[in-house]
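All remarks here apply to the structure that follows.
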Amino acid sequence: MALDALFKGRFCCFPKDPLDDVEVWSESVDKVLGCKAGQIAFREFLKSEYSEENILFWLACEDYKKIKTVPEMISSANRIYSEFVHPEAPRQVTTQKHVGLSRFHSEPRRSKDTLGCIVRFQINIDCTTRENITKNISQPTLTSFDTAQKLVYSLMARDCYPRFLKSDIYQGLLRKANSR
C-alpha cells in the first residue's frame with residue numbers, strides 16, 4: 001500500500017497531523033493503540049499479515065467497555081460474540097495458553113479471492129475462555145470479554161507489534177515524518 005493512501009481522506013478526522021506521533025509509536029504497543037493514526041497504520045499492517053481481526057476485536061472490546069445502558073450492552077455483547085467468539089464466527093478469535101510460543105498457532109487462513117468471496121480468518125483463543133464467554137453471554141457484563149481481550153492484546157504486543165516496527169508501513173511513515 002502506498003504511504004499516501006494510508007491516511008488519504010482521513011486527515012480531516014485528526015485534530016493534528018497524524019504523522020506527528022509516528023516516532024512515539026516505537027515506545028510501546030499502547031502508544032500505537034492509543035492513537036487513531038496508530039490504530040489505522042497498525043490495522044493496515046495486520047491486514048497485510050491476515051490478522052486484522054486482532055485489532056478489530058480489541059477495538060470492539062474497548063468500545064464495549066464504554067457502554068452506558070444495559071440494552072446497548074446486551075446488543076453489543078451479542079454482536080462481538082457472534083462476530084469474533086462464536087465457533088462459527090466469521091472472525092473467530094481463538095487463543096491458546098502455551099508458554100514459550102513466539103506465535104500462536106492458527107487454523108489455515110483464507111484471504112479474499114479475486115471473486116470477492118467471503119473471507120474467513122481465524123486466530124486462536126483457548127477453550128476455557130470461549131466456554132466462559134459462551135456460558136455468560138446471556139447475561140453480559142462490561143467485563144465479559146476482558147480475558148479474551150487481554151489474550152489478544154498479549155498476542156499483538158508480543159508478536160505483531162515488533163514486526164510492525166520493522167514493517168515497510170511503519171518504516172515508511174517514520175521516514176515521511178522525519179523528512180517534514
| request: Using modelled atom types only, decide if a donor and an acceptor are shared between the side chain of Q39 and the backbone of L33 within a distance under 3.5 Å. | output: yes

| Has the side chain of S28 got a donor or acceptor atom that lies under 3.5 Å from a matching backbone atom of K31? | yes

| Distance-only, no hydrogens or angles: does the D159 side chain make a donor-acceptor pair with backbone N or O of M156 under 3.5 Å? | no

| What's the spacing between E72 CD and D63 CG if we round to 0.5 Å? | 9.5 Å

| query | Which pair of heavy atoms, one from A41 and one from I169, lies closest together, and at what distance? | reply | O-CG2, 4.0 Å

| said: Are E49 and R163 packed together at the side-chain level, in the sense that at least one heavy-atom pair is separated by less than 4.5 angstrom? | reply: yes

| task | Output all residues satisfying ring-ring contact (aromatic ring centres under 6.0 Å, His included) with F45, sequence neighbours left out; order by chain, then residue number. | result | F164

Side-chain donor/acceptor pairs under 3.5 Å, residues 133-140, sequence neighbours excluded:
unit_1 : atom_1 : unit_2 : atom_2 : d
T134   : OG1    : Y81    : OH     : 3.0
T134   : OG1    : R130   : O      : 2.8
N136   : ND2    : N132   : O      : 2.9

| task | Taking all non-hydrogen atoms of both residues into account, name the closest pair between K166 and Q171 and its distance. | result | O-CG, 4.0 Å

| field | For the student: nearest non-hydrogen atoms of D146 and K65, plus distance | value | OD1-CD, 3.8 Å

| message | Check the orientation of F42 and Y161. Use parallel for under 30°, tilted for 30 to 60°, and perpendicular for over 60°. | response | perpendicular

| request: Please report the shortest heavy-atom distance between L165 and S26, naming the atom on each side. | output: CD2-CA, 3.8 Å

| task | Compare all side-chain heavy atoms of L56 with those of R43 and state whether any distance is below 4.5 angstrom. | result | yes

| task | Of all the heavy-atom pairs spanning A60 and I80, show the shortest one and how long it is. | result | O-CD1, 3.6 Å

| said: Determine whether a donor-acceptor pair (N or O, by modelled atom type, separation under 3.5 Å) exists between the side chain of S76 and the backbone of M73. | reply: no

| said: Is it the case that the side chain of Y153 and the backbone of W58 share a donor-acceptor pair, with hydrogens and angles ignored and the cut-off at 3.5 Å? | reply: no

| Set of residues satisfying ring-ring contact (aromatic ring centres under 6.0 Å, His included) with respect to Y64, sequence neighbours excluded | F145

